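First the structure, in the form of structure tokens, and then the observations on it.
Here the structure is a predicted model, which means the values were calculated and not measured. Along the sequence shown, residues are numbered consecutively beginning with 1.
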Amino acid sequence: MNKNAEKQKRYRLRQKEIGKKQVRGYIEPKAIECYEELREKTGWSDNEILSNSLRITYAAYRCGQIKLLNAWLKENEK
């Protein structure tokens with residue numbers, strides 16, 4: 001096994017040990033709850049969640065509404 005593969009394996013194990021789950025990167029338990037809630041409410045797949053979240057964030061940015069989006073996320077503890 002090459003050194004890079006060993007480093008990646010150790011990293012994945014450390015992330016798993018501290019309770020993070022890989023969805024498209026490692027996310028914390030609270031983020032997993034939000035992800036599951038979104039998936040249940042929308043019926044979207046992982047790819048659709050990623051694509052649509054990028055679209056929503058970009059639309060908020062283009063319309064100057066990032067501050068509003070962040071405020072909503074904070075108010076709803078997301």
Side chain to side chain contact (heavy atoms under 4.5 Å, CB included) partners for E33, two or more places apart: none
Nearest heavy atoms of L50 and S53, plus distance in Å: O-OG, 2.9 Å
All side chain to side chain donor-acceptor pair (under 3.5 Å) counterparts of R39, not counting sequence neighbours: E36
Any L73 side-chain heavy atom under 4.5 Å of N70 side chain: yes
R62, CZ atom: more than 12 neighbouring heavy atoms under 6.0 Å: no
Approximate separation, where rounding is to 0.5 Å, of I49 CD1 and L38 CG: 4.5 Å
Side-chain donor/acceptor of E40 to backbone N/O of E37, under 3.5 Å: no
Residues clustering with Y61 (ILVMFWY side chains joined when closer than 4.5 Å, directly or via others): Y58, I66
Between CG on residue L13 and CD1 on residue I18, distance to nearest 0.5 Å: 11.5 Å
Distance in Å, Q65 CD paired with L69 CG, rounded so as to fall on 0.5 Å steps: 9.0 Å
